[in-house]
Amino acid sequence: MSSNVEDEIQAKWEQIVDLFQKNYDIETKRVRLKLGKDKLPRLSISDKLQRLQGAEIVVVFEDKTILSTSELSASDVFVRFIEKVGVNEVQGLGITDRKRRPLISDSIIEIEHMGPKEIDGKYVITKTGNKEKLDVIREIIDRLNYPAEVT
């Protein structure tokens with residue numbers, strides 16, 4: 001690839017990244033784009049990039065405790081919500097993910113590849129999109145008539 005073509009690609013890439021960062025106010029983490037044998041400079045994108053793929057999650061409990069993806073990862077919000085509601089109560093609902101795997105399992109082997117987090121000896125699937133996490137939180141609140149609000 002000629003130097004001029006590489007320079008043009010580099011300039012276009014920088015324009016795209018600048019536009020993206022301005023529109024979404026994204027902090028940075030390392031991302032590489034490989035062109036042939038050459039690598040472009042590392043660019044950064046924060047956890048906010050994942051949040052763009054799904055909804056922001058804010059849970060407000062009756063005792064005024066707030067869990068929010070503006071302060072925690074979506075997985076942490078999800079796990080802390082389940083901890084507060086009660087892992088056994090949530091497991092009793094029999095909720096599954098979109099591939100019909102149990103949301104909460106007694107065995108890590110069953111869901112090991114799904115980024116499980118342990119709560120009281122049980123394992124919760126956390127490797128889902130924010131929208132799916134939000135939908136599950138809403139379902140738990142509705143089905144258990146739990147005193148919390150989610151947006």
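By convention here, the first residue in the shown sequence is residue 1. Not measured: the values here are computed from a predicted model.
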Selection residues 81-93 - residue pairs positive for side chain to side chain donor-acceptor pair (under 3.5 Å), sequence neighbours left out: D63-K84, Q91-D106, Q91-K122
Beyond-backbone contact of I57 with K133, side-chain heavy atoms, under 4.5 angstrom: yes
From CA spacing to verdict: side chain to side chain contact (heavy atoms under 4.5 Å, CB included), I95, R143: CA-CA 11 Å; I95 298 172; R143 290 180 61 192; 3.8 Å; yes
Shortest non-hydrogen separation from A148 to V59 and the atoms involved: CB-CG1, 4.3 Å
ILVMFWY cluster, V79 and V60 together (side-chain gap under 4.5 Å): no
Pairwise distance CG(L103) to OG1(T96) - rounded to 0.5 angstrom: 8.5 Å
Criterion side chain to side chain donor-acceptor pair (under 3.5 Å) on S73 and S75, from CA distance to verdict: CA-CA 5 Å; S73 71; S75 292; 4.8 Å; no
Between E6 and Q10: side-chain donor-acceptor atoms closer than 3.5 Å: no
Close side-chain approach of V150 and F81, heavy atoms under 4.5 Å: no
Shortest non-hydrogen contact between A74 and N130, atoms and distance: CB-OD1, 3.2 Å
Nearest heavy atoms of Y123 and S107, plus distance in Å: CD1-C, 3.8 Å
Taking every non-hydrogen atom, the tightest pair across L134 and E56: CD2-O, 4.4 Å
Any side-chain heavy-atom pair of F78 and V136 under 4.5 Å: yes
In one Ile/Leu/Val/Met/Phe/Trp/Tyr side-chain cluster, 4.5 Å: V58, I140: no
From E139 atom CD to L93 atom CG, the distance as rounded to the nearest 0.5 Å: 7.0 Å
N/O donor-acceptor pair under 3.5 Å between R80 side chain and L67 backbone: no
Neighbour count above 12 (heavy atom, 6.0 Å) for D120 CG: no
E149 atom CD, over 12 foreign heavy atoms within 6.0 Å: no
